[in-house]
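One structure below.
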Amino acid sequence: MTSSAILTHPIRPINDLPIDETLADALLDSMNDYREQLHGRRLWLACSGGRDSLALAALCVQLYRQGRLPCLPQLLHVDHGLQADSQHWATHVANWAKMQQIPCHILRAQVTGHDEQAARQARYNAMRAHINQDDVLLLGHHADDQVETVLMRLIQGAGVNGLSGMQPWRVQTQHGRRHALWRPWLTVRRATISNYAKRLALPYIDDPTNETGDNVRSGLRRDIMPVLATYNPNVIDNIARSAQLLGDAQATVNVQAEQDMQQTANESLQLPAAQRVLNINVLQVLPVYRQRQLLHHWLGQDEPLPPAKQLVDDVWNLTQRSDHDHQTELFWQARTHSYVVRRYRQQLYRLSNEWLSWLDRPLMVQAQPLSSLDLTTNDSADSDFALLTVRRSEDYIWQLQVYPDVLARLIESHIGALNAVLNIKPLDRKQRVQTALATRSQSGKKLYQTLGIPLWLRESLVVVSVVLLDKEHAKNEIPILLLSPFDRWILKNDFSINTKNLGSDIDDVFKNVISVVE
C-alpha cells in the first residue's frame with residue numbers, strides 16, 4: 001500500500017542527472033559565507049519528503065558525488081502521525097535515501113495541540129533531541145517561504161526583528177543544548193526548485209494541506225500572493241530583499257542592545273537562563289528608544305521567538321515607577337519557558353518559573369564533623385575541598401564548597417579548639433543574627449530589608465556555623481556566615497574573633513556554587 005500524495009515517479013539514483021546551477025550556487029555560496037561556522041560540525045538535513053527538502057537532499061547528493069560538497073548530510077524525517085499516510089511517507093523517504101546511499105533517521109513525535117504551529121514545534125523538538133551539541137540542521141526554506149513569513153509577521157504587527165523574516169544562519173539554545181539552523185536557499189524562488197524537481201522526476205510527497213489548509217500561511221499563498229503579483233511581478237524577490245535589508249538593520253540593533261546589556265546587567269545576580277537582572281539606574285541613563293530595545297533584547301534571551309511589544313511596554317513602565325511596591329509582577333508565557341518579571345529596589349529581574357519552583361524546595365540541613373568531610377565527592381583535580389549540597393532538584397543545584405583543613409586551622413588560630421562540627425541550616429524567620437558591619441542583631445523583615453533580600457529569596461537563607469566539641473568550649477556554636485544563593489554576609493559572634501581578619505580568611509574557606517544540572 002502507498003499514499004496518493006506521493007508522486008508516482010519511480011525511486012532511482014540521481015547521481016548522474018543534471019544539476020541546477022542556480023540552486024547549486026546558492027547552496028555553495030552560503031556554505032562559503034558560513035565556512036568558519038560549519039567547520040568540523042556534523043550536518044543534518046530536515047527532510048519531510050516534500051518537494052523543497054527532497055530537492056535539497058538530492059542536490060547535496062549530486063554535489064557530494066561530484067566532489068563539490070565536502071560532506072554529505074544525514075536526513076532526519078519526523079513522523080508525528082497527524083496524516084493518515086504518515087507511516088507510508090516515512091517509509092518512502094527512507095527508501096529514497098537508501099537508493100541514494102544517504103544516511104536517514106526516522107523520528108517519532110507526539111504533537112501537543114492541533115494546529116500547524118504545534119506540529120512544527122513537535123518536529124523541531126524531535127530533531128533537537130536527536131542531534132548533538134553544536135550540530136547544524138539544514139533546512140529547505142526558500143524566498144517564497146520568506147515572503148509568506150514576512151507578511152504573516154506584518155499582519156501581526158512585528159517590528160524590525162520580525163520583519164527580517166527567517167535568517168540564513170541562526171544559533172538556537174534550549175535547555176543548555178545549542179545547535180544552528182542553516183537556510184541556504186532563502187534567495188531562491190519556489191519555481192526554480194519545482195523545475196529542478198520536475199527535471200529529476202523526484203518522487204516527492206505533495207502534501208495537500210500546503211495549498212488547501214486553513215492556516216494563515218496557506219491563505220497567503222493561495223489568495224494574497226497571486227493578487228500582489230498583479231501589482232508587481234517581482235513582488236517575491238522585492239519582499240525577500242527587504243527582509244534581508246531588515247535583517248542587516250536588526251543585526252546592527254542587536255549589537256547596540258548587547259553592548260547596552262553588558263553595561264546594564266548585574267553580573268553578580270545572573271544565573272542564565274533562570275535569573276537575569278538589569279540595573280535600573282544604569283538603564284535609565286540611556287535614551288528611551290534604547291531602553292525599549294534593550295528590554296526587548298534582554299527579555300528574549302533563551303527564547304526562539306521575541307516578546308510581544310505590549311510586554312516590553314509593560315516592563316518599561318515597571319522600570320519607570322518611583323513607588324516602593326515590590327509586589328508587582330508581570331507574567332510571560334514564552335515559547336519554551338514561562339517567566340515572571342519583577343522589580344526589587346533598583347534591580348529588574350526576569351525569573352523563570354522553573355527557578356521560582358526550585359526556590360520553594362526545602363533546604364537541606366547538614367551537620368558534618370570537620371575531620372570526616374568527604375574530599376572525594378567532587379570531580380575536580382583539586383581534592384582539597386568538599387561539596388555540601390544546600391538545595392537541589394533536577395534543574396539546579398546549590399552547593400557550598402568547603403576547605404576543611406583551612407577552616408580547622410582558622411578555628412585553631414582564633415580559638416584554640418580543634419574538634420568541631422560544621423552546621424548548615426535554614427535561617428528561621430525569628431532567628432536574630434548580626435552581620436559584621438551591623439550595629440545590632442536583627443531578624444525577619446527588618447533583616448531582609450537591611451540586607452536587600454528580594455521576596456522570592458527570603459526562604460533561601462542559610463546560616464553556616466561551627467559547633468565546638470572540646471571540653472573547654474563544649475557545644476559552643478559560632479555563627480560564621482549567612483548565605484543566599486547569590487550573596488554572603490560574615491556574622492558576628494560571642495567569641496573574640498577579629499571579624500575584619502576573618503573576612504579575608506573566610507573567602508579561602510567557603511565558596512558559594514549555584515549551577516544548572518546538565
Checklist entry - What distance do Leu107 atom CG and His80 atom NE2 have between them, rounded to the nearest 0.5 Å? => result 11.5 Å

Checklist entry - Would you call the rings of Trp358 and Trp355 parallel, tilted or perpendicular, where under 30° means parallel and over 60° means perpendicular? => result parallel

Checklist entry - Just wondering, are more than 12 heavy atoms of other shown residues or ligands nearer than 6.0 Å to CD in Gln172? => result yes

Item to check | Partner of Ile514 by side-chain contact (heavy atoms from CB on, under 4.5 Å), out of Val390, Leu271, Ile397 | outcome: Leu271

Checklist entry - Which heavy atom in Ser460 sits nearest to a heavy atom in Pro485, and how many Å separate them? => result O-CD, 3.4 Å

Checklist entry - Would a distance-only check, ignoring hydrogens and angles, find a side-chain to backbone donor-acceptor pair under 3.5 Å from Arg342 to Leu348? => result no

Item to check | Taking every non-hydrogen atom, the tightest pair across Gly300 and Trp332 | outcome: CA-CH2, 4.3 Å

Checklist entry - For Val402 and Gln368, what are the C-alpha separation, side-chain angles and deciding distance, and is it a side-chain contact (heavy atoms from CB on, under 4.5 Å)? => result CA-CA 11 Å; Val402 183; Gln368 300 278 353; over 6 Å; no

Next on the checklist: Taking Leu286's backbone N and O only, do any of them form a donor-acceptor pair with Gln291's side chain (distance below 3.5 Å, no angle check)?
Outcome noted: yes

Checklist entry - Going through the checks in order, is the side-chain hydrogen bond (donor to acceptor under 3.5 Å, both in side chains) test met by Asn254 and Glu258? => result CA-CA 6 Å; Asn254 286 344; Glu258 185 64 33; over 6 Å; no

Checklist entry - Can you list the steps and then say if Thr149 with Arg217 is a side-chain hydrogen bond (donor to acceptor under 3.5 Å, both in side chains)? => result CA-CA 8 Å; Thr149 298; Arg217 185 178 292 274; 3.0 Å; yes

Checklist entry - Going from CD on Gln399 to CG on Leu388, what distance comes out if it is rounded to the nearest 0.5 angstrom? => result 8.5 Å

Next on the checklist: Is it the case that over 12 heavy atoms from other parts of the model lie below 6.0 angstrom from the CD atom of Gln256?
Outcome noted: yes

Item to check | Pair Arg321-Thr328, side-chain donor/acceptor within less than 3.5 Å | outcome: yes

Checklist entry - Does a side-chain N-to-carboxylate-O contact under 4.0 Å join Arg42 and Asp134? => result no

Next on the checklist: Tell me every residue that passes salt bridge (charged side-chain N to carboxylate O under 4.0 Å, His left out) with Arg290, counting only those two or more places apart in sequence or in another chain.
Outcome noted: Asp260

Item to check | Minimum heavy-atom distance between Leu246 and Val160, given as atom pair plus value | outcome: O-CG1, 3.7 Å

Next on the checklist: Quick one, Trp298 and Leu278 - any side-chain contact, counting heavy atoms below 4.5 Å?
Outcome noted: yes

Checklist entry - If you round to the nearest 0.5 Å, how far is CG of Leu295 from CH2 of Trp316? => result 9.5 Å

Checklist entry - Are the side chains of Thr264 and Leu294 in touch, meaning some heavy atoms are under 4.5 Å apart? => result yes

Checklist entry - Parallel, tilted or perpendicular: which describes the rings of Tyr349 and Trp456, with under 30° parallel and over 60° perpendicular? => result perpendicular

Next on the checklist: Counting C-beta onward and ignoring hydrogens, is there a side-chain heavy-atom pair between Thr435 and Ile490 closer than 4.5 Å?
Outcome noted: no

Checklist entry - Excluding sequence neighbours, so at least two apart, what forms salt bridge (charged side-chain N to carboxylate O under 4.0 Å, His left out) with Glu303? => result none

Item to check | Electrostatic pair Arg429-Glu459, nearest N-O below 4.0 angstrom | outcome: yes

Next on the checklist: For a 4.5 angstrom cut-off between non-hydrogen side-chain atoms, does Asp487 reach Leu269?
Outcome noted: no

Next on the checklist: For Trp44 together with His179, are the ring centres under 6.0 Å from each other?
Outcome noted: no

Checklist entry - Any chance the side chains of Gln244 and Asp248 put a donor and an acceptor closer than 3.5 Å? => result no

Checklist entry - Would a distance-only check, ignoring hydrogens and angles, find a side-chain to backbone donor-acceptor pair under 3.5 Å from Arg488 to Phe510? => result yes

Checklist outcome for this item: Shortest non-hydrogen pair, Tyr396 vs Ala274, comes out as OH-CB, 3.3 Å

Checklist entry - Should Tyr403 and Gln401 be marked as a side-chain hydrogen bond (donor to acceptor under 3.5 Å, both in side chains) after you check the CA-CA gap, both sets of side-chain angles, and the distance that decides it? => result CA-CA 7 Å; Tyr403 290 80; Gln401 186 173 304; 3.0 Å; yes

Checklist entry - Which atom pair, heavy atoms only, marks the closest approach of Ala367 to Val421? => result C-CG1, 3.9 Å

Next on the checklist: Is the distance between the ring centroids of His130 and His105 under 6.0 Å?
Outcome noted: yes

Checklist entry - Can you check whether Thr319's main-chain N or O pairs, donor with acceptor, with Gln284's side chain at less than 3.5 Å? => result yes

Checklist entry - Can you tell if the side chain of Val463 reaches within under 4.5 Å of the side chain of Leu491, non-hydrogen atoms only? => result yes

Item to check | Within 6.0 Å of CD in Gln263, more than 12 heavy atoms from elsewhere | outcome: no

Checklist entry - In Å and rounded to the nearest 0.5 Å, what is the CG to CZ distance from Leu311 to Phe331? => result 11.0 Å

Checklist entry - Would Ser48 and Arg123 count as a side-chain hydrogen bond (donor to acceptor under 3.5 Å, both in side chains) if you check the C-alpha gap in whole Å, the side-chain angles of each, and the deciding distance to 0.1 Å? => result CA-CA 10 Å; Ser48 67; Arg123 290 195 296 270; over 6 Å; no

Item to check | Arg391 charged N/C atom sitting above Trp398 aromatic ring, 6.0 Å / 45° | outcome: no

Item to check | Heavy-atom check, side chain of Leu422 versus side chain of Val466, under 4.5 Å | outcome: yes

Checklist entry - Taking all non-hydrogen atoms of both residues, which atom of Pro307 and which atom of Val312 are closest, and how far apart? => result CG-CG2, 4.0 Å

Next on the checklist: Please check: side-chain N/O of Ser338 versus main-chain N/O of Ala334, any donor-acceptor pairing under 3.5 Å?
Outcome noted: no

Item to check | Leu437 atom CG: more than 12 heavy-atom contacts under 6.0 Å | outcome: no

Checklist outcome for this item: Between the CD1 atom in Ile131 and the CZ atom in Arg178, the distance rounded to the nearest 0.5 Å is 11.5 Å

Checklist entry - Asp145 side chain to His141 main-chain N or O, any donor-acceptor pair under 3.5 Å? => result no

Checklist entry - With no hydrogens and no angle check, is any side-chain donor or acceptor of Gln270 less than 3.5 Å from a backbone partner on Val277? => result yes

Checklist entry - Can you tell if the side chain of Leu427 reaches within under 4.5 Å of the side chain of Val433, non-hydrogen atoms only? => result yes

Item to check | Note: Glu477-Lys425 ion pair, threshold 4.0 Å (strictly below) | outcome: yes

Item to check | CD/Gln320: more than 12 non-hydrogen atoms of other groups inside 6.0 Å | outcome: yes

Checklist entry - Is a donor on one side and an acceptor on the other found under 3.5 Å between the side chain of Gln146 and the backbone of Met166? => result yes

Item to check | Close side-chain approach of Arg392 and Arg361, heavy atoms under 4.5 Å | outcome: no

Which pairs of donor and acceptor atoms, one on a side chain in residues 440-448, lie under 3.5 Å apart (sequence neighbours left out)?
from   : atom 1 : to     : atom 2 : distance (Å)
Ser441 : OG     : Arg432 : NE     : 3.2
Gln442 : OE1    : Thr450 : OG1    : 2.9
Gln442 : NE2    : Thr450 : OG1    : 3.3

Checklist entry - From Ser465 OG over to Asn423 CG, what is the distance, rounded to the nearest 0.5 angstrom? => result 4.5 Å

Checklist entry - Backbone N or O of Leu299 within a donor-acceptor pair of the Arg350 side chain at under 3.5 Å? => result yes

Next on the checklist: I'd like to know if the side chain of Asp395 and the backbone of Glu354 have a donor-acceptor N/O pair within less than 3.5 Å.
Outcome noted: no

